[in-house]
Number of protein chains: 2
Amino acid sequence: MATISDVAAKAGVSTATVSRALNGKSTVDPQLVARVRTAVDELGYQPNGLARNLRRQETAVLALIISDVENPFFTAIARGVEDVAQTAGYSVVLCNSDEKPDKERRYLDVALQERVAGVVLCPAGTATGVELLRQRGTPVVAVDRPLPGEPGDQVLVNTRLAAREATTHLLDAGYRRVGCVTGPSGIRTADERLAGYRDALGAAGMAPTSAPFRHAEYHRADGARAAAVELLDLAEPPDALLIANSAMAIGVLEALAGRGLRPGRDIGVVAFDDPPWATLIDPPLSVVAQPTYQIGSAAAELLLARIGDPDRPPVTRTLAAQLIPRGSSRGGRHREVTGGSRSPGSR
Amino acid sequence: MATISDVAAKAGVSTATVSRALNGKSTVDPQLVARVRTAVDELGYQPNGLARNLRRQETAVLALIISDVENPFFTAIARGVEDVAQTAGYSVVLCNSDEKPDKERRYLDVALQERVAGVVLCPAGTATGVELLRQRGTPVVAVDRPLPGEPGDQVLVNTRLAAREATTHLLDAGYRRVGCVTGPSGIRTADERLAGYRDALGAAGMAPTSAPFRHAEYHRADGARAAAVELLDLAEPPDALLIANSAMAIGVLEALAGRGLRPGRDIGVVAFDDPPWATLIDPPLSVVAQPTYQIGSAAAELLLARIGDPDRPPVTRTLAAQLIPRGSSRGGRHREVTGGSRSPGSR
DNA sequence: TTGTAGGCGTTATCAA
DNA sequence: TTGATAACGCCTACAA
């Protein structure tokens, strides 16, 4: 593979001149520049990024570590990160931690070893190893979930409030026993959504402790389906469900269909995320839409700012999720007829 | 940032010994290894991957360039690539070409400059720049779409045959005027699916040239929706539709709903890809499922084999897609009763 | 078994 | 303006 010396030899100049010519440095004789260029073309020379980075002690690469490539929530974030990074001249490499701390750790090591310019991280578990990044001074922005320890730059969603609003919405629609299927215990978004759900119950004068809920895996419909079945089999089954993401919503909706329960009539349903198929099903799914793309772009902006000025104070950006009521959370027919009596129903 | 010399100094040995100890090389005094390890821990030393790669002239990084991060088809492939790569000790960096040749080109340049060990590429457009990789001897495996020029390693899906089977299935179900919404002209899968669709019509004795079809963007529901509307507005509208992917299926199904047309009764529908919501809608969507994960794992295997032996003959792996008939392609009720009169409409 | 020293391909410093 | 030269941090003959 051709090196800079080959080019220099062919152009009859020194390697220094080639380097300067190629990097558009200061004043180089235009004639020499031309000679260098033709030599480059003839040799098919491609600068060795490895050597360059080693010398410069920096790379124009950002690492984005997410916990599930197959989750549209994260891929939308990826797009936001990428667009901002691209325009700033950075490349983005996407790493999939699969919600596994050891895989995350491994990618963090790689990021460190490859000396990436910065990392956007959606922490899985306790994010051991992020300490290393901090020690090294490698800029990190946490996304969707905060990093343990003292806060650095982060972009979060006010998901607890959103869960509370969604639950209140179900209550207002006349549902009296709202249940919740949330993500794995220990994952911040899952815990927050459960907390927000309980907030709403408490505010409505209900005992949050007796609230019917289940944990399930975020990325598989199976677990959520089983969780829904369990809830439906309760002595006092819920008449409405808050679901913590769209992958789980699929499992839950399957379970409901299996029981012949129709959302919006027999049972109220609101799910986090606004997947493209939400309006396709009958009735359309009420959702809590998250500003995914903005999460990504905001994270990238924060990261670039941090790279530019390592000493700026850390900033937390909290974005709002938006409740979009659709058919699946309309009050049930039965409820409309009998008129919700004592419960905190509306209408 | 601590370097290998720092460690050597602290452990009271030479850099060579540190290097050997850390890389588990041959015979190093266990006592020295221990000293080195503690020094490493105390300094928080992380080897500089840049320098290492420069020296070794190789990286344990694979680049995966896909045309749409938000398309589940590609993210499933990514997972397949990643799993195989991981177990072989390689990291995977995912790059999103966004179906734009210049972005693809840019990422190929980066891959080249960073001297990745190999590239899995889903070519956008004519994949200019892949020539560079080939000249350089950087292993490439094409996925989903073949590379122009003489064939290298590639993993394809027999999508033309699958389209033909799906169309025949619709014909067999009693639909008489099958239409097609395919992807952008020039993209291999889109063209192949259209061709397969025409194959089926031809085999059934119909004139493929008069077949009602439209092209639309792969990743947006909008275009497909508009395309469907156009087809439905035809003087002789189709009574069944073959749709080239699931994102477009959403647009088409919306258009059908807008017209009050019920899949499986008023109009037959089969779409490529088997999204999780396919069984959630009513009636369930008939699909052509593609072996996405296997595509990815096969591609990674081919790439690793090529890295191991640059001189092996190129291999093409063609995988089969599978038709999964569900409710949306049942023959219409009217059709079953009257038994196929003349007009292509139902009811 | 350990240490010395050279080089991977660039860029930056310093003279000329 | 250009060129020789010294790093960047690591690995690996080769020598001890």
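Here is how names work: the chains are called A, B, and so on, in the same order as the sequence lines, proteins then strands, and each is numbered from 1.
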Just to be sure I understand the rule, does [X] reach a base, reach only the sugar-phosphate, or reach nothing, if contact means heavy atoms closer than 4.0 Å?
X       : answer
A:Thr3  : sugar-phosphate
B:Asn53 : nothing
A:Leu32 : sugar-phosphate

Give the rounded distance in Å between these two atoms: [atom1] of [X] and [atom2] of [N].
X        : N     : atom1 : atom2 : value
A:Ile4   : C:dG9 : CD1   : P     : 11 Å
B:Tyr45  : D:dG9 : OH    : C1'   : 7 Å
A:Gln57  : D:dG9 : CD    : C1'   : 8 Å
A:Arg56  : D:dG9 : CZ    : P     : 16 Å
B:Arg35  : C:dT1 : CZ    : P     : 16 Å
A:Glu114 : D:dG9 : CD    : P     : 15 Å
A:Asp29  : D:dT1 : CG    : C1'   : 8 Å
A:Met1   : C:dC8 : CE    : C1'   : 13 Å

Practice task
Please state whether the base of C:dG3 and the side chain of B:Arg20 form at least one donor-acceptor pair under 3.5 Å?
Solution key: yes
Exercise for the section: Kindly say whether, by distance alone, the side chain of B:Arg55 makes a donor-acceptor pair under 3.5 Å with the base of C:dG9? Expected result: no
OP1 or OP2 of [N] versus the side-chain N and O atoms of [X]: is any pair under 4.0 Å?
X       : N      : result
B:Asn48 : D:dC8  : no
B:Gln31 : C:dT1  : no
A:Thr27 : D:dT1  : yes
B:Thr17 : C:dG3  : yes
A:Lys25 : C:dA12 : yes
B:Ser19 : D:dC10 : no

Handout entry: B:Arg105 bridged to B:Asp109 by N-O distance under 4.0 Å
Key = yes
Practice task
State whether A:Lys10 and A:Asp6 are salt-bridged, where the test is any N-O pair (Lys NZ or Arg NE/NH1/NH2 against Asp/Glu carboxylate O) under 4.0 Å.
Solution key: no
Practice task
Using a 4.5 Å cut-off on heavy atoms from C-beta on, say whether the side chain of B:Arg79 contacts that of A:Asp98.
Solution key: yes
Practice task
Please confirm whether the backbone N or O of B:Ser5 pairs with a side-chain atom of B:Thr15, one donor and one acceptor, at under 3.5 Å?
Solution key: no
Exercise for the section: Output the single nucleotide from C:dG3, C:dT11, D:dA4 whose closest atom is nearest the side chain of A:Asn23. Expected result: C:dT11
Exercise for the section: Nearest-nucleotide wise, let me know which of B:Leu54 and A:Val13 is further upstream toward the 5' end of DNA chain D. Expected result: A:Val13
Practice task
Would you please test B:Tyr218 and B:Ser67 for side-chain hydrogen bond (donor to acceptor under 3.5 Å, both in side chains) and show each step?
Solution key: CA-CA 10 Å; B:Tyr218 255 145; B:Ser67 55; over 6 Å; no
Handout entry: Member of B:Arg317, B:Glu301, B:Arg306 meeting the side chain to side chain contact (heavy atoms under 4.5 Å, CB included) criterion with B:Asp153
Key = B:Arg306
